Amino acid sequence: MTPRVVVACENALGESVFWHVGERALFWIDFFGPTLHRWDPATGECRVWTIPGSRQVGSAVPLRDGRFLVALDDGLHAFDPVSGRTQFVTDPNGCRHGVSYNDAKVDRAGNYWVGTYDAAESAPRGILYRIATDGSVQLADSGYVVCNGPAFSPDGKILYFSDTAGRRLFAYDLDPTTGRLGEARVFARIDDDAGLPDGLTVDADGHVWCAHYGGGRVTRFAPDGAIDRAIGLPAPYVTSCCFGGASLDTLFVTQARS
């Protein structure tokens, strides 16, 4: 595979990339923009929205009404790209000082999963939350310095998670009906010379793809945690990845500048 640049956006920290099936477009955020980006592969058009009232945006996921749920400094907000305004939704983090929101994903049942991280990246203050479709909030797991990359198996019965500071990927059994997690088990360990595990995605065969921050690569892990392949990239700070395109067979990858 030969990687190529599709958008030379020069983000400070490109992250949270996802393919919007309804719009047939790629979306991602610049953490320090704080901005939301949209790229249409059919036309080549790229649009950028600045998220108001925040210093950073940790992640974004699409909502059914055309808005996006964005994780900001003071909580989760619904951002309307038409009006450019945000509407506060909730703050499960409770405005804890020095703890901010990071990666987020929605599972196949519509539950929203978002992790937090210790801003000093030194203390295990990060929490993984689940917000159900009825708006109820559950603490799913805790005790991590940086929560990253939630992703789900094709059948929705496994949640994968990046313990970035610990250089580990975890797997949890997930009850698709209740959203309850089983005990965390180590899925894979990342070598010291391979950077830090960041964003994750899962392909149709149930293989887990991991972006290596500082490692200049993405790695495909088999369902048993064995390395299936690694793809080097001409950028060291690889942050997030997803599959997209008309047939969902193109791997899109974001990076940070430093």
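Below, each value reflects all heavy atoms present in this structure, side chains not excepted, and no hydrogens, waters or symmetry copies. Every value quoted in this text rests on a predicted model; they were computed, and no experiment measured them.
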- Task: For the pair Arg185 and Asp173, find out whether any cationic side-chain nitrogen is under 4.0 Å from an anionic carboxylate oxygen.
- Result: yes
- Item | Thr239 versus Thr254, side-chain donor and acceptor atoms under 3.5 Å | yes
- Message: Working note: Asp203 + Arg220, criterion salt bridge (charged side-chain N to carboxylate O under 4.0 Å, His left out); need CA distance, chi angles, decisive distance, verdict.
- Response: CA-CA 9 Å; Asp203 63 28; Arg220 185 188 198 226; 2.9 Å; yes
- Message: Under a 3.5 Å threshold, yes or no: a donor from one side chain and an acceptor from the other, between Arg67 and Gln87?
- Response: yes
- For the residue pair Trp28 and Asn11, confirm or rule out a side-chain donor-acceptor distance under 3.5 Å. yes
- Query: Looking at Phe18, Trp209, Trp19, which one forms a ring-ring contact (aromatic ring centres under 6.0 Å, His included) with Phe243?
  - Reply: Trp209
- Task: Check whether the side chains of Asp107 and Tyr112 place a donor and an acceptor atom closer than 3.5 Å, and report yes or no.
- Result: no
- Task: Check whether any side-chain heavy atom of Val106 lies under 4.5 Å from a side-chain heavy atom of Asn111, and answer yes or no.
- Result: no
- Query: In terms of heavy-atom contacts, does CZ of Arg96 have more than 12 from other residues, nucleotides or ligands at under 6.0 Å?
  - Reply: yes
- Query: Mind checking whether Trp113 and Phe161 have ring centres under 6.0 Å apart?
  - Reply: no
- Item | Tyr144 side chain to Thr164 backbone, donor-acceptor under 3.5 Å | no
- Query: Arg24 and Asp40: which non-hydrogen atoms are nearest, and at how many Å?
  - Reply: O-OD1, 4.2 Å
- Close side-chain approach of Thr116 to Asn102, heavy-atom, < 4.5 Å: no
- Message: Under the criterion ring-ring contact (aromatic ring centres under 6.0 Å, His included), I'd like the reasoning laid out for Phe68 against Phe27: C-alpha separation, chi angles, the key distance, then a yes or no.
- Response: CA-CA 10 Å; Phe68 296 85; Phe27 285 82; 4.9 Å; yes
- Query: With side chains defined as the heavy atoms from C-beta onward, is the minimum distance between Val57 and Phe31 less than 4.5 Å?
  - Reply: no
- Message: What verdict does the ring-ring contact (aromatic ring centres under 6.0 Å, His included) test give for Phe152 and Tyr160, after you've listed the backbone C-alpha separation in whole Å, the side-chain angles of each residue and the deciding distance to 0.1 Å?
- Response: CA-CA 6 Å; Phe152 307 94; Tyr160 296 100; 8.8 Å; no
- Query: With distance as the sole criterion, is a donor-acceptor pair present between the side chains of Asp103 and Tyr117 under 3.5 Å?
  - Reply: no
- Query: With side chains defined as the heavy atoms from C-beta onward, is the minimum distance between Arg130 and Leu139 less than 4.5 Å?
  - Reply: no
- Do the non-hydrogen side-chain atoms of Thr86 and Asp80 ever get within less than 4.5 Å of each other? no
- Query: Under the 3.5 angstrom rule, does the side chain of Lys105 hit a backbone N or O of Pro150 as a donor-acceptor pair?
  - Reply: yes
- Just wondering, are more than 12 heavy atoms of other shown residues or ligands nearer than 6.0 Å to CZ in Arg108? yes
- Item | Side-chain donor or acceptor of His77 paired with backbone N/O of Phe79 under 3.5 Å | no
- Pairwise side-chain contact, Ile131 with Thr90, heavy-atom cut-off 4.5 Å (strictly under): yes
- May I ask you to check whether over 12 heavy atoms, not counting those of Tyr237, lie within 6.0 Å of atom OH? no
- Note on the structure: Residues Ser162 and Leu169: closest non-hydrogen pair is OG-CD2, 3.3 Å
- Smallest heavy-atom separation, Ala104 atom then Val61 atom, equals O-CG1, 3.9 Å
- Query: Sub-3.5 Å donor-acceptor pair from the side chain of Ser16 to the main-chain atoms of Ala60, do we have one?
  - Reply: yes
- Query: Would you call the rings of Phe221 and His212 parallel, tilted or perpendicular if under 30° counts as parallel and over 60° as perpendicular?
  - Reply: parallel
- Message: Do Phe252 and Trp39 have side chains that approach each other closer than 4.5 Å (heavy atoms only, starting at C-beta)?
- Response: yes
- Are any non-hydrogen side-chain atoms of Pro92 and Leu76 less than 4.5 angstrom apart? yes
- Are Arg55 and Asp73 close enough for a salt bridge, meaning some N to O gap below 4.0 Å? yes
- Item | Pair Asp175 + Lys157, salt bridge at N-O below 4.0 Å | no
- Query: Does any N or O in the side chain of Trp49 come within less than 3.5 Å of the main-chain N or O of Pro81, such that one atom is a donor and the other an acceptor?
  - Reply: yes
